[in-house]
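A short write-up of the structure that comes next.
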Protein chains: 2
Amino acid sequence: MAPSQRQIEEREARKQRILDGALNVFKANGIEGATMDHIAQESGFGKATLYYYFKSKEDVFSEILEAGWKNIWESLEPIIADQGSPRNSFIKLLIKIAEIAQARPGLFEFLFNAPKTIKLENQPWKEYQHRLYGVIQGLLEDGVREGEFPKINPELMFKALGGLFMGLVFMGDKKDPVSEKDVEKLLNQLITDPNYSSN
Amino acid sequence: MAPSQRQIEEREARKQRILDGALNVFKANGIEGATMDHIAQESGFGKATLYYYFKSKEDVFSEILEAGWKNIWESLEPIIADQGSPRNSFIKLLIKIAEIAQARPGLFEFLFNAPKTIKLENQPWKEYQHRLYGVIQGLLEDGVREGEFPKINPELMFKALGGLFMGLVFMGDKKDPVSEKDVEKLLNQLITDPNYSSN
DNA sequence: TTGTTTTTCGAATTAGTGGTCGAATATTAA
DNA sequence: TTAATATTCGACCACTAATTCGAAAAACAA
């Protein structure tokens, strides 16, 4: 018998509960300290039950990554579609990302740190990541070409800004989170638009 | 009987050999894949012997961190002592760090990544790290005060530049390493000195 | 030489950890 | 009510990896 809609939703909700638990455990104990036992306890299921819903530990993390990146991509899509100057789109993009990161810091950190530890092929979320990186690269290239950014090798700039951004979000002992205003101001000042002297 | 000078040196050399092996294993397998068995094999000792020289696995990593940070600090000290404009010292500092990072990329990456995984108190290397961060913060504060940098909250700038720099050194698939020239150019362009328009 | 100290390491031991089993316990549909 | 079906989980298994043991080989000093 095909399971009813309600059943499906409940099952999905249970999966989500496990996913949330996993993220909590990760946040508390680091990606290494996140054991299935902990996750089971945190999410309120027996360990074996986790395996009823997920094929493996990796599968759990995989789904977090997938959902996380998908969400990021979808939040960013409108900004990307929105035609505007590269520089402007770029800044809007970063601000939006900061917003997302601020909203769920644990998730965001996981999204960027977990891959270093987990390592696997055929990760569907990589598709989103690549797309996003591609867009950013393109924005930088266009911006440099149109003279909106200083003339720096875009790839280098990408790396640097990637690091910069990660730094903003993660670095230090995360006392005070960085506000949108901060990001905007910082970017506006660092990435001086050569065309306009006041801004 | 007190061990002779030569004995002490040989022992020290053996420890170093183990440390090097550990770093190799780390570089090859990531910080998680670095097992004592691997390290033993890589460094050419029996596993139990590692424990003759080091109290624990953590101790091994701890000593790498310690030596690494100490070395960085000592390489940087002359630049720090050297009186000059904050902006200039700052750039020289970063370039020097890039140099060090380039010379021993594995070590450098370890220095910045391991702490996230290992986590422990009373790590003597933290002292060096704090000192260095303090100096950089100071440089930024002075620079902003003296109008050599754009007026941005120095702490924020510190985080951002920290991330930026890490990005330069680590991020991406580390195809082509970033040259000093790149760093210098990038910094010169990003951190525009408001006082001089040509540079 | 020879007794002592230093160094070495294979073989346990120990502590976890991911994953599985099989038996309950609910839930559902007829 | 009842026979499936879905869900749950404690106990277990297999394996990995850090750490320890105990004895032996080297190096050393007398």
Side-chain angles (χ1 to χ4, degrees), chain A residues 1-26 28-65 110 114 117-120, chain B residues 1-65 114 117-120:
Chain A
M1 213 128 309
S4 76
Q5 183 59 29
R6 196 208 81 240
Q7 272 173 312
I8 293 177
E9 279 171 18
E10 280 186 359
R11 181 147 62 195
E12 214 52 43
R14 271 173 246 138
K15 283 187 74 168
Q16 192 54 52
R17 190 178 285 250
I18 293 172
L19 258 23
D20 290 345
L23 203 51
N24 278 344
V25 173
F26 159 75
N29 305 25
I31 197 150
E32 289 313 314
T35 71
M36 288 303 259
D37 281 291
H38 282 157
I39 296 174
Q41 188 169 358
E42 177 73 21
S43 58
F45 290 97
K47 178 162 63 155
T49 304
L50 303 193
Y51 287 89
Y52 178 76
Y53 290 98
F54 297 93
K55 195 151 62 71
S56 65
K57 179 185 182 182
E58 195 180 284
D59 190 36
V60 172
F61 287 136
S62 211
E63 293 215 19
I64 296 178
L65 257 355
F110 182 83
T117 308
I118 296 191
K119 296 215 178 193
L120 255 208
Chain B
M1 212 130 309
S4 78
Q5 183 58 29
R6 197 209 78 240
Q7 272 173 311
I8 293 176
E9 279 171 18
E10 280 186 359
R11 180 149 59 195
E12 213 51 43
R14 271 173 247 135
K15 283 187 74 167
Q16 192 53 52
R17 191 178 284 252
I18 293 172
L19 259 23
D20 290 345
L23 201 51
N24 278 344
V25 173
F26 159 74
K27 200 163 13 179
N29 305 24
I31 198 150
E32 288 314 314
T35 71
M36 290 303 259
D37 279 292
H38 282 156
I39 296 173
Q41 187 168 0
E42 178 73 21
S43 57
F45 289 97
K47 180 164 54 160
T49 303
L50 302 193
Y51 285 88
Y52 178 75
Y53 290 97
F54 297 92
K55 195 152 59 74
S56 67
K57 181 184 180 181
E58 194 181 283
D59 190 36
V60 172
F61 287 137
S62 209
E63 293 216 17
I64 297 179
L65 257 355
T117 308
I118 296 191
K119 295 214 179 192
L120 255 208

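Values in this document were obtained by computation on a predicted structure and should not be read as measured data. Naming: A, B, ... by sequence-line order, numbering from 1 per chain.
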Item to complete: Under 4.0 Å between any heavy atoms, over every strand shown, what does A:F54 touch: base, sugar-phosphate, or nothing? Just pick one.
Response: nothing
Worksheet item: For B:K57, which residues count as a side chain to side chain donor-acceptor pair (under 3.5 Å) partner, sequence neighbours excluded?
Response: none
Fill in: side chain to side chain donor-acceptor pair (under 3.5 Å) involving B:D59 - partner list, sequence neighbours excluded
none
To the nearest Å, how far apart are [X] [atom1] and [N] [atom2]?
{"X": "A:F45", "N": "D:dG10", "atom1": "CZ", "atom2": "P", "answer": "13 Å"}
{"X": "A:R11", "N": "D:dT5", "atom1": "CZ", "atom2": "C1'", "answer": "11 Å"}
{"X": "B:Y52", "N": "C:dC9", "atom1": "OH", "atom2": "P", "answer": "12 Å"}
{"X": "B:I8", "N": "D:dA27", "atom1": "CD1", "atom2": "C1'", "answer": "16 Å"}
{"X": "A:L50", "N": "D:dT7", "atom1": "CG", "atom2": "P", "answer": "14 Å"}

Practice prompt. Any chance you could list the contact pattern along nucleotides 13-20 of chain D? Use B for base contacts, S for sugar-phosphate-only contacts and - for none, protein heavy atoms under 4.0 Å, 5' to 3'.
Written response: ----SBBB
Worksheet item: If every non-hydrogen atom of B:G46 is compared with every non-hydrogen atom of B:A40, which pair is closest and at what distance?
Response: C-CB, 4.0 Å
Item to complete: Could you tell me which non-hydrogen atom of A:G21 sits nearest to which non-hydrogen atom of A:S43, and how far apart they are?
Response: CA-CB, 4.3 Å
Discussion item. With a 6.0 Å cut-off (strictly less than), is the heavy-atom count around CD of A:Q16, excluding the residue itself, greater than 12?
Written reply: yes
Discussion item. Counting neighbours of CZ on B:R14 that are heavy atoms of other residues, nucleotides or ligands and sit closer than 6.0 Å, is the number greater than 12?
Written reply: yes
Worksheet entry | Pairs flagged by salt bridge (charged side-chain N to carboxylate O under 4.0 Å, His left out) wherever residues 29-50 of chain B is involved - sequence neighbours left out | B:D37-B:K47
Discussion item. With the threshold set at under 4.0 Å for non-hydrogen atoms, list the residues of residues 14-28 of chain B touching DNA chain C in residue-number order.
Written reply: B:R14
Worksheet item: Quick one: ring-ring contact (aromatic ring centres under 6.0 Å, His included) pairs with a partner in residues 33-60 of chain A, sequence neighbours left out?
Response: none
Item to complete: Answer yes or no: does a side-chain N or O of B:T49 lie under 4.0 Å from OP1 or OP2 of C:dC9?
Response: yes
